[in-house]
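Single-structure report; data block below.
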2 protein chains.
Amino acid sequence: MLGGTNLPRVGGYNQAVVLDAIRTRGPISRVELAALSGLTNQTVSNVVRKLLDAGLVTETGQAPSSGGKRRTLLAPRPDGAYALGVHLDPDAAVIVLVNLAGEVLTSRRLRLSVPSEPADVVDRVARAALRLAERSAVDPGRLLGLGIAAPGPIDGSSGAVVSPPNLPGWDRVPLLKMFAEATDMPVALDNDATAAAIGERWIGGEARAGSFLFIYLGTGIGAGIVLNNTVLHGDSGNAGEFGHLAVEPGDRVCHCGGTGCLGPYCSPAAIIDDLLRLHGRAAADRIGLTGDPASLHGDWKVLRRAARTGDEDACDVVRSAARRIGQAARGAVSLLDVSRVVLGGEGLRGIEPIVREEIDTAVNSTSVARAIRPIAIEQSVIGDTVGAVGAASLVLHGNYTPGWRMLTDPSG
Amino acid sequence: MLGGTNLPRVGGYNQAVVLDAIRTRGPISRVELAALSGLTNQTVSNVVRKLLDAGLVTETGQAPSSGGKRRTLLAPRPDGAYALGVHLDPDAAVIVLVNLAGEVLTSRRLRLSVPSEPADVVDRVARAALRLAERSAVDPGRLLGLGIAAPGPIDGSSGAVVSPPNLPGWDRVPLLKMFAEATDMPVALDNDATAAAIGERWIGGEARAGSFLFIYLGTGIGAGIVLNNTVLHGDSGNAGEFGHLAVEPGDRVCHCGGTGCLGPYCSPAAIIDDLLRLHGRAAADRIGLTGDPASLHGDWKVLRRAARTGDEDACDVVRSAARRIGQAARGAVSLLDVSRVVLGGEGLRGIEPIVREEIDTAVNSTSVARAIRPIAIEQSVIGDTVGAVGAASLVLHGNYTPGWRMLTDPSG
DNA sequence: TCAGCTAAATCCAATTGATGGATGAAGTCA
DNA sequence: TGACTTCATCCATCAATTGGATTTAGCTGA
C-alpha cells in the first residue's frame, strides 16, 4: 500500500531533489536550481543552506553577471560523504571506497578460492573493507555504509542470496545480516546488474538521467532497469533477469529448464564451447585456449583478447552470442520503451565493439521506437569496476535519492 | 528533472492516498486507514472530512465493536465523480459513462466504416459521448472528462496517434486536441493496452494492487505495465509494445521489419491464415470461415467460437499462437519481475482458457521467479469493455491518483 | 562618479498541513 | 453501575513552503 507523507519527509525529499540536481548538473546556481525543480528561490536558498551546513555542497566561484548580481555557483563536495562497495564474484571480491562525487579513492581485489565458505568470505571481505576505510583516513562520521553487489537472485525481503548459479553451495545466505554484524555499519544489498545500474545513474549525471536499460556481462548476463530515475526492483527483488528472455531457440537447456532462454548462449563457458565445437581444437590451440573448465576465467580472457585483436573464429562465436543478446535487448527496449541501453561488466572487456554493434543493429533497425528516435547504445561511464562502484552507490543513492528507501538490515 | 514538492501538493497527495485506500479496500474505518497509510489518526480524520465534504466518499454503517466504540466505515461514493471513456477500434468505437466506483452507467457502440476520416470519426464520437452524458443526467460539475484508448503507437508529447497499423491513413492525428475542441472537456489519451491496464488497476481493487502485466488482445497484441501501482509510460509514451518481443522465429516479417517478432504470429489475420494453410479449405468451410480479408472481424469471431466449442483444428492454430504469446510473457515477466499477469481485450473472447493455459505453462514451468512463488495468470476483472472502461479510468486515475499527472491537452 | 537599473539572495509574516497529547463519544464487560 | 477500551476529534505546536519586501552586488550611461 502506498504510504502517506508528512512535513519532515517533504523537507528531506526536497533536499534530496536539490542535491541530486547539483550533483548531476555540475556547478549550478540557486536560481537555476529553482527553475529546474519548480521550487521557489526562497526555498532553494533554505535548502541549499542546509546542504552547505551538512557539508555536502560548496560554493565554487561565481557565474558571469547577466545584468545584475552574479550567481554563486554550487557544486557537490566530494568529501561530503563516503561509501564502501563490494562486488562479490565467484573467484574474486572487489572492494572500493567511493566519495560523494563517485570517485574511487582506494580499491582492493581479494582472490577467493572456489568453492568458498560464505562465513569465511564475509569475514575476510568485511575486514578488508574496514581496513581500507581506516587507512584512507576518511572521517568515520561521513562513511555512510557498505554496499554489496552479489550475483544471481536475491530475496529482497530477507536480504539473502538465493542459490546463485555461479556460487555453488551458497543457498539462502543472509548476506545482509552477516555483513551488518561483521562491519557494524548500514549495509545495502542488491543483484550485481541492478547495483551497476544504480551506479551508472548515480555517477553518470545528465548522461544517465531518465530511463535506461543496463546490460551487465559478468559471469552470467543480467540487466538493471532504471525508469524515470528510479531503479526497478520487482516484486521479489529480481527485476532485470535478462538471461531468460526468449531468443531463437537451439538445443541448449537453461538451468531454469527452458530451451528458448538467452542465458545458455552467452555465458563465457558457452562461447568457449562454441569455439571448440564450430572451429575445432586447432583454432583453440592457435588462440591459446586450454578448454579446461577449471580455467574458465583465464580461457574467457584469452578468447576476448583474441576477438579484440581480430581473430576471425573468436569474433565469429562472440558475434553470434552478441546477436542473441541483441534480439533480447530489442524486446526489452520495446517493452520498456527506454531510449538508452548501457553496456558494462568485466565480461565485456575486449568485446565491447562487437556487442555494441550487434545490439545497435538489432535495436535500431527494427524497433518501433526507431521511428520516433534512435536508441543510444553506450558503454558504462564507470568502466570495469561498475559492480563495486555500483555497490557503493547503493548506499549513497539510498541516503540521498528522492523517494528511495534503502534495502538495509532493520537491526542496523 | 525530478520536481520538488510543496505543501498543497502534500495535502493533495495524502488525500489521493486515502481515497485510493478507501476505493481499493472497500468499506474501511479511519483507524485502519491510518495503519495502512502510516498517517496519524488525526490526519486521516482531517483528510476524510475533506473527502466527505467533496462528496467523494460516504459513511456506510459501522463495524462491530472490538471492545470499544464501533468504527464507522467509509466507502467511495459512486456518484462522486464520472468520466467518459472511448475505445477507438478500426471498425467500431465503444463509448461508456463510468462512475467513481467503476460501474458502467450507460454505453454505446458506434460502427465505423473502414477506412474512415479522422475528423469525421472524432465528430461523431464526441457528439455521441456528449449525448450519452446528457441523457444520463449526471451532474455536469462531477463529470471530470473524456478518456480515449487508441490502438497503436502514440506520441506522448503531442497527444497524437502515430500511424497505427490498423487504422490506415491515420498518420499523426492529434486526437487529444481534436477531442478537446469537440467536447470542451479535459481529455486524456493513451494506448489501448495501457488504458486497459489503468482500468484494471483502478477498478480491480486489492486484486490489482502492486504490479502486473496486462496482455491485451484487440486487433493486435499489446501490453500495459503497472509497476508499484504506477503505469509505465516509457520515454515516448509507448511502453508495453508486446508484439515485438522475440519468439521462436519463423518466416513472417513483422511490419517493423524484423523476423523474430511475436506480432505477426498472433494477429487474427495470421491465425485465420494458419488455419487455411495447415488444415485446408475443408476445415475452413466446416468451421464457417469465408477467408475473405474484408470480413476479418467476422471470421475471427467464428474461429474463436469454433475453438471454444472444441473444434480441433481451430484449437490447434489458436494454441500455437498462444504458445508464442506464452514465450514472450515468460520473458516479460522475468524481466519485470511481476507476480501477476492479467489477460483482456475483446479478441480474447472464447479463447481465454487456451491462452491462459499456455501462458501459465510457459511462465510457471520455467521462470526463475517460480522458485520463489507462482505467477498468477488471471482474466480481466472488467471483461469485454476493458478498453473503454480503461479509457474512462484514465481520467479518474489522473485526477485521483497519487503521483500521477494526466496526459491532457495543455489548452484544456 | 553617481544615480538608475537589474538580478541574486535573503528576511519576514502568513499559510498550510501534520503531530502529540488531551478530551469527548460510544460500547463492552463484570 | 462503574471501570475499561476503542474510536474520533479538539487544541496548541511545529515544520516547511510561499509571496512580497528588502538587502546585496554588479552593470550602465550621463
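Naming: A, B, ... by sequence-line order, numbering from 1 per chain. Keep in mind that the numbers below use all heavy atoms, side chains included, and drop hydrogens, waters and symmetry copies.
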Checking the side chain of A:D190 only, and the main-chain atoms of A:A195 only, is there a donor and an acceptor separated by less than 3.5 Å? no

Starting at CG of A:N41 and ending at P of D:dT18, how long is that distance when rounded to a whole Å? 10 Å

Nucleotide D:dA16, atom P - distance to CZ of A:R49 in whole Å: 13 Å

For a quick test of reading the model: is some side-chain N or O of B:N14 closer than 4.0 Å to OP1 or OP2 of C:dA18? yes

For B:S45 and D:dA8, is the shortest distance between a side-chain N/O and OP1 or OP2 below 4.0 Å? no

Take A:D20 and A:R23, measure what salt bridge (Lys or Arg N to Asp or Glu O under 4.0 Å) needs, and give me the verdict at the end. CA-CA 5 Å; A:D20 206 46; A:R23 279 193 344 96; 3.8 Å; yes

Is the backbone of B:N228 close enough, under 3.5 Å, to the side chain of B:S211 for a donor and an acceptor to pair up by distance? yes

Rounded distance (Å) that lies between atom P of D:dA16 and atom CG of A:L51: 13 Å

Rounded to the nearest Å, what distance is computed from the NZ atom of residue A:K69 to the C1' atom of nucleotide D:dT24? 5 Å

Tightest non-hydrogen contact, residues A:S339 and B:D235, listed as OG-OD2, 2.6 Å

If the cut-off is 4.0 Å, is B:T40 near the phosphate of C:dA18, judged by side-chain N/O to OP1 or OP2? no

Can you check whether B:R70 has a side-chain N or O nearer than 4.0 Å to OP1 or OP2 of C:dA26? no

Is the phosphate of D:dT18 approached by A:T43 (side-chain N or O, under 4.0 Å from OP1 or OP2)? yes

Run the side-chain hydrogen bond (donor to acceptor under 3.5 Å, both in side chains) test against A:R340 and tell me which residues pass, sequence neighbours left out. A:E378

Rounded distance (Å) that lies between atom C1' of C:dA22 and atom CD of B:Q42: 11 Å

Using a cut-off of strictly less than 4.0 Å, decide whether A:R30 has a side-chain nitrogen or oxygen near OP1 or OP2 of C:dA8. no

Taken to the nearest whole Å, CZ/B:R71 to P/D:dT5 is 16 Å

Atom CD of A:E32 and atom P of C:dA9 are separated, to the nearest Å, by 9 Å

Upstream residue (5' side of DNA chain D) when B:G68 and B:L73 are each assigned their closest nucleotide: B:G68

By nearest-heavy-atom nucleotide on DNA chain D, the more 5' of A:Q62 and A:Q15 is A:Q15

Heavy atoms from C-beta onward define the side chain here; which of C:dG20, D:dT18, C:dA26 lies closest to that of A:N46? D:dT18

Taking atom C1' of C:dT10 as reference, at what distance in whole Å does atom CG of A:L52 sit? 14 Å

Applying a 4.0 Å non-hydrogen cut-off, can you work out what A:T72 is touching in the nucleic acid: base, sugar-phosphate, or nothing? sugar-phosphate

